[in-house]
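The structure appears right after this line, and notes come after that.
In the text below, chain A, chain B and the rest are named by the order of the sequence lines, each starting its count at 1.
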Amino acid sequence: MKKNMYLKSVIMLSMFCFLSLSVAEARIKLVALPKRADTIIRLDNPQFTLIEEERVLTLQQGLNKVDFSWNGVSIDPDSIRIDILSHSDQVTLLNVSYPPNENALVWEISSAGAREEKIRVSYLLSNIDRLITYKSVADKAETQVNFKSHLILRNFSGEDFANAKVLLDYGESFEEGIRHEETKQLLFLKAGTVPIEKVWQWDSKKQIWDPEEVDQNVGIPVHYRITNTTDSNLGQNALWNGKMRVFQLDGHGSTILLGEDAVDLTPVGEDMEVYIGDSRDLVVTQRKMVDKQTNIRRNTSGRVVLYDNEEQVTAKIENFKDTNAKLKMVQHIPGEWDMHSCNFEYKKENANTIEFEIDVPAQGKAELVMHYFRRNIRN
Amino acid sequence: MKVKLFFLVFLLVPGVSLAKVDLVTLPQRDHVQLTIYNSADLTLIKESRSLTLKEGFNDLQFSWVNTLIDPTSLEMLPLANADQIDVQSLTYPPLLKNVGLWHIRSSVSGQVPFEISYLTSGLSWRAFYLGTLDPDEQEMRLQGFVRVQNNSGEDYEKAQVRLIVGTVHVIDQISFLANRQHPYGSPGIINFEREHWGGGEDYDADALDMKDAIDETFYALADAESFREEGEMRTPKKIIKEGLSEYFLYTIEGRETVPNGWAKRMPSFDVEKIPVVNLYKYEEERYGSQVVRFLSFKNDEDHQLGETPIPGGMLKVFRQVDQEKHLSYEGQSGFKYIPVDEEVELNMGGVQNVIVEPTLMDYQSANYMFDRYGNIIGWDEIREYKIKLKNTRPIPVKVEIKRNIHNSKWAIQNQGDVGTYEKIDADTVQYTIHLTERENKEIVYALTTFHGRRADYQ
């Protein structure tokens, strides 16, 4: 494998001194191979990883040519930039040349004097990225979790970083080295105790209406709701999307895995909903008890042109658990409608979706009855 | 492999056959000028060489093996004693590829400067930009570059490099003309390849229009490159920009050497502190459900620009994150040619940190009309929308939300005090909302659309 030839740094920065201004042939001697000093791996952009590395160039007075070449790594050449740090008024980048069939470029740098110059080279490097994972351990009562988040640094770029500062768009930075083909897990958010709300959710579009009609158990999805606010010991920054694993203390000094979910990016103030699994101890049976046309309007040929539809839906909720449960129930009513009567309060999420939060006592039942008219249905 | 374009001068004694020519001199190029287009694979090369002529007839052989020169574009002009030197013909000898023979009649003898011009493919240039935003993203440093790539097969040393910004009309690809077996094709054979004879002049015409200007500067620049003292501090070469016809001509100061296979990037401009607007757009029909980030500025004096158009190219945007000049990569955007005084919006791609969520909150129909047979002939539909806006960023942002109505007869009633709309066209409205750092807002409006005969009453 070609890669194995490059045991150390495969990104090379070398300096050539030019005795005269004549072209190509004038690459005379290697003056210095400056070592990489401070290196930053910046992972704030989910798609691109920016590397910043500082090097000290020993410049001669006049024209200097600095080669930057890479092998076995993928660098976007247009992303490479050089910033002159110590004497930006006396050291000037004149132009950049790109040799044929090489992963390299040559900076032509003019210096007013012979000096050591600190420069910073930045570039986008492929195949080095980060993942975010979350781990929560819930208490036995399922009222709070111990919440932490890890950064997973994956380096398959072809380049070894002996020591680098790893930065995300917030939080502490890490001083870490990472070698090629190495993956590192770093703890970067330890929120401690975070309150949760356990929510059962039944959606009339997603769940089966009548569990008696099917042979197997019908589960009701269970979520933990975590609010990204300071009250929850979070709320400093948005929480990135990533994989969450939820465990629970089992009361015997150990834990069990409750479930895992891919969570979305959660801005400050928003809820993160973690789906952990399905409950079989809550059963919903929904049926349509009334379904009939009213206010029928016909044309002169007797064809129905406009009518309303009267519907009544009942949903029976049974809780077989020995604790109270809060069921979030989502109902969908298509088209134009108005509610005639409903025995629970609801929140209209959009024109065709309403949501209930129904408390069901331990070992108890609740029944929702919605009586509504769908209006102005045209034939 | 280094390919050389070489120039041989033969002296011909009248009456003596071509086979007995003697090689007299191999003149070097004195000066070469490249005028590189980027809208077509086309470069105009003008080179000057001093030839030693004898009184009487002179034959000059010019060959261009392994290059991409269009033989139909070759031209030779004396730059002195023009009235005494007559370039009578250019012959492309049989069985020889990439060779031309000029037949010249001269009334003078001695050294005469000539200009040889031709078109070649394989040289190209593109504009490239680096943007560096301030930490608060209110201002951006914009650095423009031009990157010249030489894949022409020929090394051009110490050439004057000029770049054409604009769209040139050509009807034959130079690479096609360069690779043809016979310079002008051959008769009698059905040629399936597209050829245009008159067209050859088409692009020459533009080039020749500029000829007067070129001639004036030709010699002035030819020897202007003085050898600098080693160790002298240098600054990047300037690029002189001037308008010509429908084009902009960028002339890179001094001389450049671009060997075959190499590319070279040179700074074109560097402007600090261009005020930029962080603009976020939402339009379902165009961008789907995501918010797209734009950086917007104007190519005018207020934005430290506006002297010349900005050629289209790729912009990579970084943000300075601290006083130590550390950078964060924000994204990239390609943009089209930006004329002077034109506003540019750079599409930086979809974002997650500014959120726009429109929701249809209510739907009603009303005002049904019936014909005398009782059939529905008209009605209204009333939809209430709520648009949630969230700026999770620590900087203020501007959000533009376009809503397409899909119906030509409509009325909007705004509810609440956030956002008034602006009518963009018959069935599109736009809300423009400014959000401060980490601010949330909500737009609520009721849209009534009129259908069937109800539309006739609006």
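Close approach to chain A, defined as a heavy atom under 4.5 Å from one of its heavy atoms, is seen in B/Ile355, B/Thr359, B/Leu360, B/Met361, B/Asp362, B/Tyr363, B/Gln364, B/Ser365 of residues 353-365 of chain B, taken by number. At a heavy-atom separation below 4.5 angstrom, chain A is approached by B/Phe128, B/Leu130, B/Gly131, B/Thr132 within residues 127-135 of chain B. For residues 441-452 of chain B, an interface with chain A (any heavy-atom pair closer than 4.5 Å) does not exist.
Remark: B/Arg319 CZ to A/Asn45 CG distance equals 10.5 Å, nearest 0.5 Å. Distance check: B/Tyr373 OH to A/Thr300 OG1 gives 7.5 Å after rounding to the nearest 0.5 Å. Atom CD of B/Glu256 sits about 8.0 Å away from atom OG of A/Ser97, to the nearest 0.5 Å. Summarising the geometry, atom CD belonging to B/Gln143 is positioned 6.0 Å from atom CZ belonging to A/Arg81; distances are rounded to the nearest 0.5 Å. For the atom pair CZ (A/Phe48) and CD (B/Glu330), the distance works out to 12.0 Å, reported to the nearest 0.5 Å.
Residue contact with chain A, scored on non-hydrogen atoms closer than 4.5 Å, involves the side chain of B/Arg126 exclusively. Contacts between B/Ser328 and chain A at a heavy-atom distance below 4.5 Å involve backbone atoms as well as side-chain atoms. Neither the backbone nor the side chain of B/Lys386 has a heavy atom closer than 4.5 Å to any heavy atom of chain A. Using a 4.5 Å cut-off between heavy atoms, B/Val148 does not touch chain A at all. Residue contact with chain B, scored on non-hydrogen atoms closer than 4.5 Å, involves the side chain of A/Ile40 exclusively.
Counting only heavy atoms from C-beta outward, the side chains of B/Asn375 and A/Arg303 approach each other to under 4.5 Å. Under the 4.5 Å side-chain criterion, counting only non-hydrogen atoms from C-beta, B/Leu327 is in contact with A/Asp83. At a threshold of 4.5 Å between non-hydrogen side-chain atoms, the residues A/Leu124 and B/Gln332 do not count as touching. When side chains are defined from C-beta on, A/Asp76 counts as touching B/Lys316, because their heavy atoms get closer than 4.5 Å.
The backbone N or O of B/His326 sits nowhere less than 3.5 Å from a side-chain atom of A/Glu52 that would complete a donor-acceptor pair. Between the A/Arg42 side chain and the B/Tyr329 main chain, no donor and acceptor come within less than 3.5 Å of each other.
No more than 12 heavy atoms of other residues, nucleotides or ligands sit less than 6.0 Å from atom NZ of B/Lys238. A 6.0 Å sphere centred on CD of A/Glu175 holds more than 12 heavy atoms belonging to other residues, nucleotides or ligands.
The greatest number of non-hydrogen atom pairs below 4.5 Å with chain A, out of B/Glu381, B/Gln352, B/Arg383, B/Arg438, is found for B/Gln352. When the candidates A/Val268, A/Leu306, A/Asn241 are compared by the number of heavy-atom contacts under 4.5 Å with chain B, A/Leu306 comes out ahead. In terms of heavy-atom pairs under 4.5 angstrom with chain A, the leader among B/Gln149, B/Met314, B/Arg147 is B/Arg147. In terms of non-hydrogen atom pairs under 4.5 Å with chain B, the most contact-rich of A/Arg375, A/Gln47, A/Glu349 is A/Glu349.
Taking 4.0 Å as the cut-off between side-chain N and carboxylate O, B/Glu324 and A/Arg120 do not count as a salt-bridged pair.
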Could you list the donor-acceptor pairs under 3.5 angstrom formed between side-chain atoms of residues 89-96 of chain A and any protein atom two or more places apart in sequence or on another chain?
from	atom 1	to	atom 2	distance (Å)
A/Gln90	OE1	A/Arg115	NH2	2.9
A/Asn95	ND2	A/Glu108	OE1	3.0

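Remark: A/Arg297 is positioned above the aromatic ring of B/Phe370, its terminal NZ or CZ atom under 6.0 angstrom from the ring centre and at most 45 degrees off the axis.
In terms of heavy atoms, B/Gly261 sits closest to A/Pro100 at O-CB, 3.1 Å. When all heavy atoms of A/Arg378 and B/Ile376 are compared, the closest pair comes out as CG-CD1, 3.3 Å. Listed here is the closest heavy atom pair of B/Phe318 and A/Ser79: CZ-O, 3.8 Å. Nearest heavy atoms, B/Tyr368 versus A/Asn376: OH-CB, 3.4 Å.
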